[in-house]
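Whatever order the structure lists them in is the order used to number ligands and atoms, beginning at 1.
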Amino acid sequence: MSFVSPTDIKRIAAKYDFRFKKGLGQNFLTSQEVLEDIAEAAEIDGGGVIEIGPGFGVLTNELAKRADKVVALEIDDRLMPVLADTLSEYDNVKIINRDVMKMDIAALIAEEFPGERISIAANLPYYITTPIITTIIEARLNIKNLVVMVQKEVADRITAQPGTKDYGALSVLCAYYTEAETIRRVPAELFVPPPKVDSTVVRMRFREEKAVSVNDEKLFFKVVKAAFSQRRKTLLNCLASGFSTDKAETAKIMESVGIDPMRRGETLSLSEFANLANAMY
Ligand code: SAM
């Protein structure tokens, strides 16, 4: 059954008297080409995949063709009868009517995919894009990759390099745990209803070995957070206020790893952040 085109989406919405809820980020994708690109980017190869927010099931359909098993988490109970209809031909799809932010994803993986290194794929609801991504990354799940469609601005922050305006704590977090890359841009008019901004599909491939060696990860991320806390201030000022330390002492530590205290946080590479945190350890 075809259910991807704007006409299909509108027909299904009419059949179920479904009203799109802006507050739940319900912008449904209507491009078969983009759906295939997301599913291919997830590198499923017959393994398992979790989808966040299946909506009418357009991406779930592409994932189910490629996966051994798909578990999809959908908050909106009005979508349960729709998904039972649109995905009726598959016996490898399990829909769970839950809020992803209230779920223990590690426990879900252990239960549904024991011993497997799965992928996570989603056309994410805009209102919780960054919390979902950071929660998944910080949970240190043993997953292969996370492929998500997000607002272009968030994608630019995820993939940003040092010294650029988009480089920030999210870029460092993603670079530390993953190799992040842009898969493709997706214009707003390919969604029903169209959102206000364009989107980008990003793939984060989880590293088997961390990108840099860090003595204390908690301290490392505290340094990163402090470094980006006040963008107009020098790294020295940011660190001294973030850690409530003596400036001369902090400057000495920075110089010991070859970092000029007058630099700004956004110019530091991942390995410079690691060297700095290790020197403060
Ligand atoms: N996958 C569909 C597509 O590509 O057309 C729908 C994507 S739509 C951008 C986001 C979906 O996430 C909606 O179906 C929405 O109801 C669901 N959603 C929103 N918040 C959620 C949450 N906290 N947990 C699980 N699903 C959520």
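Smallest separation of non-hydrogen atoms from Leu79 and Phe18: CD2-CE1, 3.5 Å. In terms of heavy atoms, Tyr167 sits closest to Val172 at OH-CG2, 3.6 Å. In terms of heavy atoms, Val212 sits closest to Ala274 at CG2-CB, 3.7 Å. Scanning both residues, Gln26 and Phe20, for their nearest heavy atoms gives O-CD2, 3.5 Å. Residues Leu268 and Pro162 approach most closely at O-CB, 3.8 Å, considering heavy atoms.
Only the backbone of Asn27 comes within contact range of ligand 1, with a heavy atom under 4.0 Å; no side-chain atom does. No part of Ala122 comes within 4.0 Å of ligand 1, judged by heavy-atom distances. Using a 4.0 Å cut-off between heavy atoms, Thr60 makes no contact with ligand 1 at all. Contact annotation for Ile75 and ligand 1: heavy atoms of both the backbone and the side chain come within less than 4.0 Å of the ligand. By the criterion of a heavy-atom distance under 4.0 Å, neither the backbone nor the side chain of Leu35 is placed next to ligand 1. Residue Glu51 touches ligand 1 through its side chain alone, judged by heavy-atom distances below 4.0 Å. Neither the backbone nor the side chain of Tyr126 has a heavy atom within less than 4.0 Å of ligand 1.
With a 6.0 Å cutoff to the six-membered ring centre and a 45° limit on the axis angle, Lys222 counts as a cation-pi contact of Phe243.
At the top of the distance list for atom 5 (O) of ligand 1, counting protein heavy atoms only, stands Leu29 N, 2.9 Å. Looking at atom 1 (N) of ligand 1, its nearest protein heavy atom turns out to be Gly53 O, 2.8 Å. Of the protein's heavy atoms, Pro54 O, 3.3 Å lies nearest to atom 2 (C) of ligand 1. Here the heavy atom of the protein found nearest to atom 3 (C) of ligand 1 is Asn123 ND2, 3.4 Å. In this structure, the protein non-hydrogen atom closest to atom 14 (O) of ligand 1 is Glu74 OE1, 2.7 Å. Protein heavy atom nearest atom 20 (N) of ligand 1, with residue, atom name and distance: Tyr127 OH, 2.8 Å. Nearest non-hydrogen protein atom to atom 24 (N) of ligand 1 is Val100 N, 2.9 Å. In terms of protein heavy-atom proximity, atom 23 (N) of ligand 1 is nearest to Asp99 OD1, 2.8 Å.
Remark: Glu43 engages Arg205 in a salt bridge, criterion side-chain N to carboxylate O under 4.0 Å. A salt bridge is defined here as a Lys NZ or Arg NE, NH1 or NH2 lying under 4.0 Å from an Asp or Glu carboxylate O, and Arg184 with Glu33 meets this definition. Ion pair Arg11/Asp8 flagged as a salt bridge, since at least one NZ, NE, NH1 or NH2 atom sits closer than 4.0 Å to an Asp/Glu carboxylate oxygen. Glu116 and Lys144 are not joined by a salt bridge, as no carboxylate oxygen comes within less than 4.0 angstrom of a charged side-chain nitrogen. Contact check on Glu40 versus Arg66 returns a salt bridge, with a Lys/Arg side-chain nitrogen under 4.0 Å from an Asp/Glu carboxylate oxygen.
The environment of Lys65 atom NZ is dense: over 12 non-hydrogen atoms of other residues, nucleotides or ligands sit within 6.0 angstrom. Within a 6.0 Å radius of NZ in Lys210, other residues, nucleotides and ligands contribute more than 12 heavy atoms.
Of all the atoms in ligand 1, the ones that sit under 4.0 Å from a non-hydrogen atom of Gln26 are 13 (C), 15 (C), 16 (O). Residue Val58 approaches ligand 1 through these ligand atoms, each under 4.0 Å from one of its heavy atoms: 3 (C), 4 (O), 5 (O). Counting atoms of ligand 1 from 1 in the listed order, those under 4.0 Å from a heavy atom of Leu124 are 9 (C). Those atoms of ligand 1 with a heavy atom of Leu79 less than 4.0 angstrom away are 14 (O). Using a 4.0 Å cut-off to heavy atoms of Leu73, the atoms of ligand 1 that qualify are 25 (C), 26 (N). Near Ile128, with a cut-off below 4.0 Å to any heavy atom, the atoms of ligand 1 are 23 (N). Residue Arg98 approaches ligand 1 through these ligand atoms, each under 4.0 Å from one of its heavy atoms: 24 (N), 25 (C). Residue Gly55 approaches ligand 1 through these ligand atoms, each under 4.0 Å from one of its heavy atoms: 6 (C), 14 (O).
In this structure, Phe56 has no heavy atom closer than 4.0 Å to ligand 1. Using a 4.0 Å heavy-atom cutoff, Met149 is absent from the residues neighbouring ligand 1.
A distance-only check finds a donor-acceptor pair linking the side chain of Asn97 to the backbone of Glu74 [under 3.5 Å].
The only member of Ile133, Ile143, Val147 that meets side-chain contact (heavy atoms from CB on, under 4.5 Å) when paired with Met204 is Ile133.
Taking each of Gly25, Ser199, Pro131 in turn, the one with a heavy atom nearest to atom 8 (S) of ligand 1 proves to be Gly25. The closest non-hydrogen atom to atom 19 (C) of ligand 1, taken over Ile96, Leu24, Asn61, comes from Leu24.
A tilted orientation is assigned to the rings of Tyr176 and Phe220, their planes being inclined by 30° to 60°.
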